[in-house]
Amino acid sequence: MYVELTKETGWVGAIDWNVRDFHGYETRRGSTYNAYLVQGEKSALIDTVKSRFADTLLANVGEVSDPDDIDYVVANHGEPDHSGALPEVLEATGATLITNEKALGTLEGYYDTSGWQVEFVGTGDTLDLGGSSLSFVQTPMVHWPDSMVTYCLETKILFSNDAFGQHLASSGRFDDETELPVVMDEAKTYYANIVMLYGRTIAKALEAVGDLEIEMIAPSHGIIWRSEIPTILGAYEDWVRCRPVAKVLVIYESMWRSTELMAREIVEGAMRDGVEVRLFDVTRAGRTALATEMLDAAAVAFGSPTLNMTMMPEIAGLLTYLKGLAPKHKAGLAFGSCGWAPAGQRELQERLEEMEIEVLREPLSAQWRPDNEVLGQCREAGRLLADYAENAAAEGHLCEP
Ligand code: FEO
């Protein structure tokens, strides 16, 4: 289906209702791969879709134009969710590919590009379509080194590729046609799980496009922003600056419930007015949701018993995932039970240190079952976490973008 953004601009992408995994990210509400057609005297397609939706894209274009009439295809980023249909689209249209040198390098890694006509663009370059002009800003690491965004000078639409996206399949294409809390929840989940690692470069990208007058932000996933542009820009400002919320997370894996008992006492200690406390059994809460919780939580306790002289596997997997995403500006501690050696808790603490999480106290360990003394230490540890979270939120600790 072709969806009009302005009289010369339309959405021609694909809705992937059933995708539930995106390189390890649980896409619980599906996703979309957004491609856009801009028509002047000449026509340009901005990005494509996953390869298996190539026919959908060409059919959507066909509602308003013969695909043969497409003169240019802009590839803002080479990842296959946006470039998968590129070989078929270039074959069907005979269009010239507009991209940057790094992106062509990515595309050469995935496809046989030998017959393609390519023109390179970089920041500040403009493509004149006759009545519509596209300009380009390179935004490396949002999401790969090859990433760039495209801006239409006349309609003031920013085609932001991965930035400001959400994995959200919906019948509405715009922010005002879809429930805003759902959209913002997915925008936050997307930021945390896809680009949290690149906060510094996203801040630079925000600066680079900050002077543009923007009527719409048309990302490559999810809904198009037209009524809530200040809302999403404000949220990104908070996320790139790691603005903390007075929130304590207690995330654990347990074997015979001893670590769970400790976790529950930490929660008891942390609960107070003005501090949000959340308890998660890592075997039930998915890593995607936990990474999202980590984005703005000020303090976190990770718990695991010792198993085979290390921590348990689900919490280890979560920490590996989080280490890659590099949440910043947190404090935390490690806890858990053991039979004869607190190796799991020591290893947890080493992981916190590797992630540059400020460690608030030595690991809390209980042998077999936590006794009253250990449970008292857990409550005290909860108070420590809540104090930290309360202060961090009140003082507005921010990281340097
Ligand atoms: Fe949506 Fe980095 O691709």
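The structure presented is a predicted model; accordingly, all values stated were derived computationally and were not measured. For ligands, and for the atoms within them, numbers begin at 1 and follow the listed sequence.
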Do the ring planes of [X] and [Y] sit parallel (below 30°), tilted (30 to 60°) or perpendicular (above 60°)?
| X | Y | answer |
| --- | --- | --- |
| H221 | Y190 | tilted |
| F53 | Y33 | tilted |
| H23 | H143 | tilted |

Excluding waters, which protein N, O or S atoms are within less than 2.8 Å of atom 1 (Fe) of ligand 1?
D81 OD2, H82 NE2, D162 OD1, H221 NE2
Using a strict threshold of under 4.0 Å (side-chain N to carboxylate O), is an ion pair present between D69 and K42?
no
So that I can tick it off, tell me whether D238 and K188 are bridged by a salt bridge, with the cut-off set at under 4.0 angstrom between side-chain N and carboxylate O.
no
Is there a donor in the side chain of Y36 and an acceptor in the side chain of D47, or the other way round, less than 3.5 Å apart?
no
